[in-house]
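One structure is given below, encoded as structure tokens.
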Amino acid sequence: MTTITMRRIEAKFSQKPDNSMSNGSASKVMEVRNLDAYYGNFRAITDVNMPMRRNAVTAIIGPSGCGKSTLVRCLNRMHELSAGGRIEGQILFDGEDINAPEVDPVELRSRIGMVFQKPNPFPKSIYNNIAFGLKINGFRGNMAEAVEGSLRKAALWDEVKDRLKDSALSLSGGQQQRLCIARAIAIEPEVILMDEPCSALDPIATLAIEDLIRELKEQYSIVIVTHNMQQAARVSDETAFLMVGEDRSGYLVEFDSTEKMFTNPSHEQTEAYITGRFS
Amino acid sequence: MAFLFLCAVLSVVTTAGIVVVLLAEAIPFFTHVNIFDFLTGTEWRPLFANKSFGALPLLSATAMIALMAMAVAFPIGLLTSIYLSEYAPSWIRETVKPALEVLAGIPTVVYGFFVISFIAPTIVRPIFHSETIFTALGASLAMGIMLIPMVASLSEDAMRAVPNGLREGAYALGANRFQVSVKVVVPAALSGIVAAGLLALARAIGETMIVTIAAGGIPNLSGNPLEPMQAMTAYIMEVASGDTARGTVEYQSIFAIGMLLFIFTLGLNLIARWFIGKFREEYE
Amino acid sequence: MNAPPPTLIGEITAKLGKKWSSWLFAGLAISATGFGVLCLAVLLFVVARDGLGGLDWNFITSFPSRKPEDAGILAALMGTLWVMGLTCLFFVPVGVGAAIYLEEFARRNWFTKLIETNISTLAGVPSVVYGLLGLAVFVFGMNLGSSIVAAAATLTLLVLPITIVASREGLRSVPPSMREAAMALGATKWQAVWHQVLPAGMPAVLTGIILALGRAIGETAPLIAMGAFTSVFFVPTSPTDTFTVLPIQIFSWVARPLPGFQENAASGIVALLIVLLLLNSVAVALRYMYARRRSW
């Protein structure tokens, strides 16, 4: 059995995610190998290969329809919940294939958190939005402390500490999205996937989220999909650039450090897209 | 244009007509029978020489049968809707939904027959040893079956209106299907589900043929579901199918009972609409 | 704030483990769904078992009788056809007319809102109450007696809410661009609705009409409440004749203790279900046509 399935939920909360076991900061927390993703017969992405570095921010950029969201949804097996969603190829997490038959996708998702395009807080109180994930994962410790801790990490505590019982829907869009981030980090995942987390937010709320992302990478590995190149340049360490092929299927053009990508890209297409010469 | 407008106004006229007609016969009824005695009296003997119009036996029979029917229909209907909305692959949904539509479209007189020829002799009698095949329980079982599709389809509508983002949010936190359904979708759709229950309850109270055929038709103030009883609607049927003359107290009494029915079902419908409005506010 | 009080579901989950409780619940949900389908199957089986044998030509062409083996549904079947024909004549123009008014012409004001609320509330009024309305207004008030026309008028009021709601949905599915296109060519609003919108929304409107008719065919209580006869020994020849319909005939047989009559009831039910099935296949065919034509 793999460590993914062997790892008990209780153990998960009693000890911090064991990041030290990896050899240095350059280690890969996840890796995508020869990934094809399908919706029924339609191949949405073709042959993607890329690593995701531990405690770094990996950005996925590209024009709309290039399969950015599909790619990130494969990483926690949310893709298989879509109609006709299936994949070919390998996705490694801590060196193990997350699509291996003995891996429980439900448990996997409690170790790889996700934040969505549109803030999607549950229609419950702010407090219960955080507590929900903890409860379903069998958390038995001090709930109030855990809620406070994750709200602090998401830089939301000072704004909501006096109204934890209020409905989460009463928050502003930016606050809701930070609540969703707090909700995701409450269950102590190793990786946080963010699917265009700022696309529904105004510029000020966007900056707040970006600051937060930079802080969170101290503890977590982050993969962020964005259509905003400035955002990718501002927050990410490494960037993957996807394009749409002739067959309407997305493919990886280039993967490199963000600095290199935005100053001296290897591919003409990348340069065209980054400088806005792309149709 | 004027014609079209009149067509639309006809619905308001109908409602007004119902109210006027019920009041026009119920008011003279209450000059003969004290309204307090009517609502609290325990003897319903409208056709005997020493008449007595205490409606409690009818009210309690209606309440008992409707509630027992809901005890069958609500949990089964809700579970069905959860299965159809959250679990079922599309081909099962495409098969089961039309089947439930058929179940909902079967005339209620057929359900009455179903009690007499199947439910009462092969289920109620052998298991509960009732003295007769005409029991409140038999009627409410059939009524429960009849209401399953209504509860299921109305609650499924409510669950499908829950934004998919909420499901995804929960799945992404490591929730399984059960937790997503029961802890996220059902609470989010709760006001719609409550409305479904209330509408089904209103339907149960107003349902006529099943109780007329299968419940026995004897006014009986009893808490025992294995005895024959007469529901409010069944009493209206009994008087209407006899040859009671217009203007008699018995004739007026069915309008008084009809008015109670109208008030109960209207009240439940209005409350259900309030819940539906609340649900729409949350998600639309 | 410490750990919240455990809920029932939480307790079960904790005891059984996350995975097992999920399987248990899935099993429960599937069984519930299966139960509904099973009930339908048993019901149809019982009706077919008791009723198919007695459903022959003799049964269709005979009047009711004191002897179950001689009894038939001729009067009821013809009564059903008469009542339904007349009901259609009443509720189709009125229902579709009201739908057109509300969807295309009505101003958004308090009165329109009142009509709309009223329609959805009317849909929840028990059918037996409509029967009382028909009894007081049509049977006695207008002195029509327990006649076909009184029955048709009563059933019209009963199915109007369903018809209006379904027809409005049909009209709403016609894209606004079609109205604008017609009006840009100089058509009046009325011409746009009559020549473009109504034909385009017709299949859905027809589906609604058939659903309403299906409801009307199966109704028993309002007709008994307005004094319809249970045993009729002639075929009606005019709208003012008295009548009986299939569900009432079935009811009168169900209510008799002799086993032969129970079989008659079952045979009558088979006949009624066949009529309903025919109607619904038309509705399904229309829905299919509708789905195919919806290529705009």
Side-chain angles (χ1 to χ4, degrees), chain A residues 9 12 69 72-73 75-84 104-124 128-139 167-169 176-177 179-189 191-195 200, chain B residues 81-97 155-196 274-284:
Chain A
I9 295 291
K12 190 171 142 97
S69 290
V72 79
R73 290 168 66 91
L75 300 180
N76 65 344
R77 293 183 62 178
M78 288 291 280
H79 176 60
E80 68 196 50
L81 296 174
S82 317
D104 178 3
V106 170
E107 206 183 321
L108 175 79
R109 290 184 202 121
S110 69
R111 298 183 58 203
I112 304 179
M114 188 165 195
V115 177
F116 296 83
Q117 215 165 6
K118 214 176 139 222
N120 58 351
F122 302 122
K124 304 171 188 250
N128 278 326
N129 258 276
I130 312 276
F132 174 82
L134 292 164
K135 276 188 222 160
I136 61 168
N137 284 298
F139 179 70
S167 165
L169 302 175
Q176 289 189 6
Q177 195 62 302
L179 179 65
C180 290
I181 294 174
R183 187 173 75 181
I185 57 185
I187 56 171
E188 309 260 327
V191 180
I192 303 174
L193 310 174
M194 298 186 173
D195 186 0
Chain B
S81 65
I82 293 174
Y83 177 72
L84 290 178
S85 144
E86 306 299 316
Y87 281 79
S90 63
W91 69 269
I92 290 190
R93 194 165 41 233
E94 303 304 315
T95 322
V96 170
K97 286 189 78 172
S155 354
E156 200 212 340
D157 287 348
M159 288 185 210
R160 301 208 125 207
V162 172
N164 226 359
L166 293 186
R167 292 184 183 86
E168 296 201 322
Y171 279 123
L173 288 172
N176 59 27
R177 228 170 249 276
F178 166 61
Q179 291 164 323
V180 170
S181 311
V182 174
K183 297 187 176 177
V184 175
V185 178
V186 169
L190 196 62
S191 42
I193 293 169
V194 171
W274 181 80
F275 273 104
I276 291 172
K278 206 172 140 216
F279 181 69
R280 290 220 176 113
E281 232 168 66
E282 279 166 38
Y283 295 112
E284 279 165 21

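Residue numbers start from 1 in every chain, and the chains themselves are labelled A, B, ... in the order their sequence lines are given, proteins ahead of strands.
- Within the model, atoms CG of B:Leu173 and CZ of A:Arg109 stand 11.0 Å from one another, a figure rounded to the nearest 0.5 Å.
- Minimum heavy-atom separation, A:Phe132 to B:Val184: CZ-CG2, 3.4 Å.
- At a 4.5 Å heavy-atom cutoff, the contact between A:Ile112 and chain B is made by backbone atoms alone.
- Here the closest non-hydrogen pair linking A:Arg183 and B:Gly169 is NH2-CA, 3.8 Å.
- Shown here for A:Lys124 and B:Lys183, the closest heavy-atom pair between the two residues is NZ-O, 2.9 Å.
- A side-chain contact (heavy atoms from CB on, under 4.5 Å) with B:Asn176 is found for one member of A:Asp104, A:Ile136, A:Val106 and no other, namely A:Val106.
- Residues A:Asn137 and B:Gly174 share a closest heavy-atom pair of OD1-O, 4.1 Å.
- Residues A:Pro123 and B:Val162 are not in side-chain contact: their nearest non-hydrogen atoms beyond the backbone lie 4.5 Å or more apart.
- Atom OH in B:Tyr171 sits 13.5 Å away from atom CZ in A:Arg77 (nearest 0.5 Å).
- Of the atoms belonging to A:Phe116, it is side-chain heavy atoms, and not backbone ones, that fall under 4.5 Å from chain B.
- Residue A:Leu81 holds its CG atom at 7.5 Å from CD of B:Glu168, rounded to the nearest 0.5 Å.
- Looking at B:Arg177, only its side chain comes within 4.5 Å of chain A, counting heavy atoms on both sides.
- Contact of A:Pro121 with chain B is made through the backbone alone, with heavy-atom distances under 4.5 Å.
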